[in-house]
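What follows is a short report on a single structure.
Predicted model only: the values in this text are computed from it and were never measured.
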Amino acid sequence: MTTITTPYEAIGGAEGVRRLVDRFYQVMDEWPEAWAARRLHPERLDGSRESLFEFLSGWLGGPDLYVQKKGHPRLRMRHLPYTIGPAERDAWMLCMRTALADCVADEGLRQALLQAFGALADHMINTPDGGRDPAAATARRA
């Protein structure tokens with residue numbers, strides 16, 4: 001009899017998800033290359049860190065902590081107030097790629113998660129330029 005293991009279980013349950021989230025935000029907070037993503041977050045990352053932990057817990061097949069607290073994630077809707085373009089997505093993915101490389105030993109699982117996170121990050125893009133095109137910014141203000 002085969003036992004199906006969820007990604008949540010495969011990365012070590014709550015402890016593994018916490019390690020992944022902690023590494024993710026460490027990279028975001030320390031690496032200049034992650035600034036495009038970091039600037040969208042509050043100065044203190046505690047709330048963001050907890051929200052991502054709760055979301056990933058359920059998304060990876062563990063306890064649905066985020067849904068229990070806040071309801072359906074509605075990720076795109078919750079991120080619409082932030083200008084997210086390719087630069088922000090790429091910076092976010094740099095943090096997640098690094099966290100996965102450092103925290104997920106199984107290559108197959110790491111690649112599958114990287115692909116899933118990439119699709120999720122692509123879905124969050126809500127502007128082609130990340131708000132840095134001065135002409136577009138002027139047009140939005142007019």
Side-chain angles (χ1 to χ4, degrees), residues 3-142:
T3 303
I4 297 174
T5 302
T6 64
Y8 177 83
E9 294 165 334
I11 66 171
E15 186 178 310
V17 175
R18 184 70 69 191
R19 236 183 350 266
L20 181 70
V21 168
D22 286 347
R23 180 63 177 138
F24 172 85
Y25 280 112
Q26 179 184 21
V27 171
M28 184 181 286
D29 208 29
E30 294 176 0
W31 292 18
E33 305 94 312
W35 175 245
R38 177 62 177 98
R39 69 183 176 79
L40 301 177
H41 291 75
E43 185 177 337
R44 291 188 47 86
L45 292 170
D46 299 339
S48 300
R49 186 182 310 264
E50 192 60 22
S51 287
L52 184 58
F53 169 76
E54 291 168 353
F55 171 75
L56 289 182
S57 176
W59 191 73
L60 293 168
D64 232 351
L65 304 173
Y66 188 92
V67 172
Q68 292 168 10
K69 273 186 160 177
K70 299 177 183 174
H72 190 285
R74 292 179 172 75
L75 289 179
R76 185 153 168 86
M77 181 194 76
R78 291 183 195 266
H79 286 80
L80 278 176
Y82 309 100
T83 303
I84 301 172
E88 291 76 15
R89 179 222 32 225
D90 292 349
W92 192 93
M93 282 302 298
L94 169 69
C95 299
M96 187 53 72
R97 193 171 28 260
T98 303
L100 287 168
D102 293 349
C103 299
V104 178
D106 181 276
E107 176 68 25
L109 176 60
R110 188 169 55 249
Q111 289 306 313
L113 289 174
L114 190 57
Q115 185 174 4
F117 280 122
L120 191 63
D122 286 344
H123 185 64
M124 293 302 109
I125 293 176
N126 57 28
T127 184
D129 64 5
R132 284 189 285 283
D133 177 359
T138 302
R140 282 194 292 267
R141 284 192 296 267

*Which atom names give the shortest non-hydrogen contact between Leu109 and Ala10, and what distance separates them?*
CD2-CB, 3.5 Å

_For a 4.5 angstrom cut-off between non-hydrogen side-chain atoms, does Trp92 reach Met28?_
yes

_Set out, in order, the CA-CA distance, both residues' side-chain angles and the distance that settles side-chain hydrogen bond (donor to acceptor under 3.5 Å, both in side chains) for Gln111 and Glu107, then state yes or no._
CA-CA 6 Å; Gln111 289 306 313; Glu107 176 68 25; 3.0 Å; yes

*At what distance, to the nearest 0.5 angstrom, does OG1 of Thr6 lie from CD1 of Ile11?*
8.5 Å

*Point-to-point distance, once rounded to the nearest 0.5 Å, from NE2 of His41 to CG of Leu52*: 8.0 Å

*Of all heavy-atom pairs between Ser48 and Pro42, which one has the smallest distance, and what is that distance?*
OG-CD, 3.7 Å

*Quick one: closest heavy-atom pair of Leu60 and Pro7, and the distance?*
O-CD, 3.3 Å

*asked:* For the CG atom of Leu80 and the CZ atom of Arg78, what is their distance to the nearest 0.5 Å?
replied: 11.5 Å

*Atom pair CG (Leu120) and CZ (Phe55), whose distance is rounded to the nearest 0.5 Å*: 5.5 Å

_Identified side-chain contact (heavy atoms from CB on, under 4.5 Å) partner of Glu88 from the options Met124, Arg39, Arg38_ = Arg39

*asked:* Can you give me the closest heavy-atom contact between Ala34 and Cys95, atom names plus distance?
replied: CB-SG, 3.6 Å

_Check against side-chain contact (heavy atoms from CB on, under 4.5 Å), Val27 and Met96_ = CA-CA 9 Å; Val27 171; Met96 187 53 72; over 6 Å; no

*Output, in order, the C-alpha distance, side-chain angles, deciding distance and verdict of side-chain contact (heavy atoms from CB on, under 4.5 Å) for Ile84 and His79.*
CA-CA 8 Å; Ile84 301 172; His79 286 80; 3.9 Å; yes

*Rounded to the nearest 0.5 Å, what separation is found between the CG atom of Asp46 and the OG atom of Ser51?*
11.0 Å

*asked:* Are more than 12 heavy atoms, taken from residues, nucleotides or ligands other than Glu30, located less than 6.0 Å from that residue's CD atom?
replied: yes

*Mind checking the CD-CG spacing from Glu33 to Leu94? Nearest 0.5 Å is all I need.*
6.0 Å

_Heavy-atom closest pair, residues Leu40 and Tyr82_ = O-CE2, 3.8 Å

*Do Tyr8 and Trp59 have their ring centres less than 6.0 Å from each other?*
no

_Quick check: closest heavy atoms across Arg23 and Cys103, and the distance to 0.1 Å?_
CB-SG, 3.9 Å

